[in-house]
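Notes follow the structure.
One-based numbering, in listed order, for ligands and for the atoms of each.
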Amino acid sequence: MENPIAAMNPEGHLSWDTDVLIIGSGAAGLRAALAASEHADVTLITKTTLTESNTHYAQGGIAVAMNLDDTIALHIKDTTAAGAGLCDVKAVEMMVSEGIPRVAELLDWGANFDWEGTLPRFTQEAAHSRRRIVHKGDATGRETTDVLIQRVRNTERIQVLQNTFAIDLLTDADASERHEDILTCYGVTAIVEEQIVCIRAKATILATGGLGRIYPCTSNPKVATGDGFAAAWRAGCEMIDMEFVQFHPTTLFLDGAPNFLISEAVRGEGGKLLNIRGERFMEKYHEKGELAPRDVVSRAIQIEMDLTGFPCVYLDITHKPKDFILERFPTISDTTKHYGLDINIDLIPVRPGAHFMMGGIRTNTDTQTNLKGLYACGEVACTGVHGANRLASNSLLECLVYGARAGTNATAFARSQPEDPPNIPVPSNVGPSLAPPAGEAVETHTEATKNAIRETLWENVSIERNGEGLQETLAELQDLTANLENLLTNPEVKDVATIETVNMLNVALMITQSALTRTESRGAHYRADFPTPNDPTWQRRVLITRDNPLEVVPL
Ligand code: FAD
Ligand code: SIN
């Protein structure tokens with residue numbers, strides 16, 4: 001179906017007005033849209049299709065303290081232990097306690113999770129002291145998005161615009177009548193069918209998800225290029241904890257196969273890790289073996305790969321009955337089978353990949369950013385619930401809780417605003433495209449730059465880091481930015497690939513600079529030149545903004 005913005009006014013400046021604009025159609029954006037639509041007209045835009053998001057591919061499940069032997073206090077304890085001293089405890093308490101009604105409501109709306117008698121079938125994942133993960137086989141994300149999307153589609157006050165790529169936040173930074181120190185956000189510019197349009201809103205919610213695609217090995221789908229982090233930073237948002245990128249220990253490593261996650265639940269159900277010599281190795285690294293925290297398992301795998309000179313290790317679940325595997329891991333079974341692997345009898349080749357960003361746009365527990373009228377939720381936001389390392393299956397919980405809060409709070413703000421949109425200057429790049437779509441030369445250039453970013457990050461800013469390597473990558477990223485400068489200043493460039501490349505560079509620089517600043521190891525950030533945590537000196541957070549050099553701030 002044609003995008004209604006493009007159909008609106010094909011000649012002049014294109015603009016679209018709404019009360020609440022939501023950018024992103026993962027769990028956070030969808031849940032925010034449902035909450036916002038209770039009292040406002042909502043426009044939800046998404047880069048490709050409604051279903052394409054990290055959420056859709058989530059496998060393991062949603063952590064929630066609903067099991068008979070579980071408590072809110074235990075879930076908080078496990079979350080803050082994983083966060084290694086950097087969690088915002090108030091935000092964690094809110095996520096864990098409000099998570100219970102949010103998950104109950106999802107079940108009520110029809111989420112067909114696995115059950116055992118009168119309770120959901122709770123599974124185990126690493127660093128949880130209880131079996132507390134509700135799930136639908138290994139396709140929890142698909143079930144969750146299906147339920148939320150159906151509800152969004154049935155809500156009249158929500159207008160969905162697919163294939164609408166948000167570029168930059170509209171702010172009053174350039175408005176001559178601006179008198180306040182605090183910037184206000186009035187929506188975004190976006191690409192719709194090779195035109196740049198303005199989408200103006202009384203309140204805006206960024207729910208653009210993660211950035212795994214800035215690394216060559218990742219569990220994330222193509223849409224995860226860090227666009228929201230970059231747009232927020234360019235607009236003046238405070239960015240926090242950007243050095244904390246989580247690497248999932250087990251992504252599939254198979255010739256010809258795409259990026260694909262092998263859920264931690266496979267280890268939760270007894271899967272064992274073996275090196276190329278067939279030796280089980282996790283006991284050497286941690287008392288919890290395969291169920292040690294993710295950063296420990298990822299580092300251990302990397303060490304085993306280095307020791308044996310082999311590019312992967314193996315995950316063995318062959319001891320489990322075939323029926324169990326088929327019922328519990330149907331997606332993993334089907335996908336691996338497609339590439340000639342039968343996980344009932346074959347070992348699964350795996351290696352770590354970039355999975356989740358703990359840091360992001362700094363928000364309070366009401367999901368407000370430092371820009372008036374701008375809210376952020378889900379993976380792009382940093383409320384502080386994950387600290388230095390996220391506990392498995394806490395992300396979908398965060399999306400449901402803080403997505404709902406963002407929708408409610410953004411709506412209240414929108415309702416307090418005047419009816420007519422303010423007179424914000426239209427950015428010069430808005431309007432129909434005068435140039436033909438990006439040519440082959442631009443495409444080759446952007447693809448080469450994307451690959452260069454990925455290679456240098458993988459080399460120096462991934463599972464293990466050190467000062468020298470980080471400096472090397474910083475210099476390389478600065479060179480790449482300079483090379484791209486002529487493309488950036490060309491108002492005719494209106495293609496998604498170029499803007500994605502700029503976004504990837506922006507976030508790669510933020511991660512590298514923050515990682516250089518934190519001269520210790522904590523959670524997912526491991527510095528070989530500073531291999532231990534340094535308390536209390538580093539029980540602080542690294543804050544980065546466009547106009548200020550890096551700052552170290554208290555928790
Ligand atoms: P996403 O679900 O990523 O949605 C972001 C949306 O923003 C997408 O629709 C995207 O297209 C859109 N978007 C991005 N950029 C733009 C732009 N420029 N313009 C317009 N739209 C844009 N967590 C758990 O808790 N449990 C799990 O079992 C689990 N399994 C996972 C398995 C995989 C393979 C992956 C990748 C992640 C998993 N995670 C899991 C993490 C979790 O899925 C994500 O952190 C979470 O779903 C993020 O949700 P979100 O709504 O913030 O973002
Ligand atoms: C997984 O299924 O291993 C992913 C769970 C998560 O990232 O929370």
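Checked against a 3.5 angstrom limit, the closest N/O atoms of Leu261 and ligand 1 fall outside it. At under 3.5 Å, not a single nitrogen or oxygen of Thr49, backbone or side chain, sits near a nitrogen or oxygen of ligand 1. For a threshold of 3.5 Å applied to N or O pairs, the pair formed by Gly210 and ligand 1 contains no separation below that value. On a distance-only criterion, Gln59 and ligand 2 share no N/O pair closer than 3.5 Å. Looking at ligand 2, you won't find any N or O of Asn394 less than 3.5 Å from one of its N or O atoms. Remark: ligand 1 and Gln59 share an N or O pair separated by less than 3.5 Å (distance only, no angle test). Note: no N/O pair closer than 3.5 Å links Gln246 and ligand 2 by distance alone. For ligand 1, the polar-atom distance check finds no N/O of Cys377 at less than 3.5 Å from any of the ligand's N/O atoms. Of the N or O atoms in Thr48, none lie within a sub-3.5 Å distance of an N or O in ligand 1. Residue Leu391 places no N or O, backbone or side chain, under 3.5 Å from any N or O of ligand 2.
Arg351 forms no cation-pi arrangement with Phe253, by the criterion of a distance under 6.0 Å to the ring centre and an angle within 45° of the ring axis.
Close contacts between ligand 1 and Ser25 involve ligand atoms 6 (C), 7 (O), 8 (C), 9 (O) [criterion: under 4.0 Å to a heavy atom]. For ligand 1, the atoms sitting less than 4.0 Å from at least one non-hydrogen atom of Gly26 are 1 (P), 2 (O), 4 (O), 6 (C), 9 (O), 51 (O), numbered in the order shown with element in parentheses. Atom numbering of ligand 1 starts at 1 in the shown order; those under 4.0 Å from a heavy atom of Thr164 are 19 (N), 20 (C). If you number the atoms of ligand 1 from 1 as listed, the ones under 4.0 Å from a heavy atom of Val223 come out as 11 (O). Close approach to Phe356 involves these atoms of ligand 1, each under 4.0 Å from a residue heavy atom: 45 (O). Within the listing of ligand 1, atoms 51 (O), 52 (O) sit less than 4.0 angstrom from a heavy atom of Ala28. With ligand atoms numbered from 1 in the order given, ligand 1 contributes 52 (O) to contacts under 4.0 Å with heavy atoms of Gly378.
Among all non-hydrogen protein atoms, the one lying nearest atom 2 (O) of ligand 2 is Ser263 OG, 2.7 Å.
Of the listed residues (Gly226, Ala376, Ala58), the one carrying the non-hydrogen atom nearest atom 40 (C) of ligand 1 is Ala58. For the residues Ala354, Gly403, Ala63, Gly209, the heavy atom positioned nearest atom 53 (O) of ligand 1 is part of Gly209. Evaluated by nearest non-hydrogen atom to atom 26 (N) of ligand 1, the leading choice among Ala230, Gly24, Gly61, Gly60 is Gly61. If you check each of Glu379, Glu52, Lys47 against atom 8 (C) of ligand 1, the one with the closest non-hydrogen atom is Glu52.
The shortest heavy-atom distance from Leu261 to ligand 2 is under 4.0 Å. Within the 4.0 Å heavy-atom shell around ligand 1 one finds Ala27. Contact analysis leaves His56 out of contact with ligand 1, as no non-hydrogen atom separation drops below 4.0 angstrom. For Ser395, the closest heavy-atom approach to ligand 2 does not fall below 4.0 Å. Contact annotation: Gly141 has no heavy atom less than 4.0 Å from any atom of ligand 1. Within the structure, ligand 1 has Ser393 among the residues with a heavy atom less than 4.0 angstrom away. Using a 4.0 Å cutoff on heavy atoms, Ile23 counts as a contact of ligand 1.
Counting heavy atoms closer than 4.0 Å to ligand 1, residue Ala207 contributes backbone atoms (N, CA, C, O) but none from C-beta onward. In Arg294, the part holding a heavy atom less than 4.0 Å from any atom of ligand 2 is the side chain. Only the side chain of Arg390 comes within 4.0 Å of ligand 1, counting heavy atoms alone; its backbone N, CA, C and O stay farther away. Contact annotation: for Asn394 versus ligand 1, heavy atoms closer than 4.0 Å belong to the backbone alone. With a heavy-atom cut-off of 4.0 Å, Thr46 touches ligand 1 through backbone and side chain alike. Counting heavy atoms under 4.0 Å from ligand 1, residue Asp227 touches it through the side chain alone.
Counting heavy-atom neighbours within 6.0 Å of Glu105 CD, excluding the residue itself, gives a total above 12.
A donor-acceptor contact shorter than 3.5 Å is absent between the side chain of Thr335 and the backbone of Ile332. Of the possible polar contacts, one joining the Arg405 side chain to the Thr365 backbone as a donor-acceptor pair under 3.5 Å is found.
You'll find the ring centres of Tyr339 and Phe260 outside the 6.0 Å limit.
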Chi angles and distances behind the side-chain hydrogen bond (donor to acceptor under 3.5 Å, both in side chains) call for Thr18, Lys202: CA-CA 7 Å; Thr18 186; Lys202 292 177 187 155; over 6 Å; no

Could you go step by step and tell me if Ser298 and Asp295 meet the side-chain hydrogen bond (donor to acceptor under 3.5 Å, both in side chains) rule? CA-CA 5 Å; Ser298 288; Asp295 58 305; over 6 Å; no

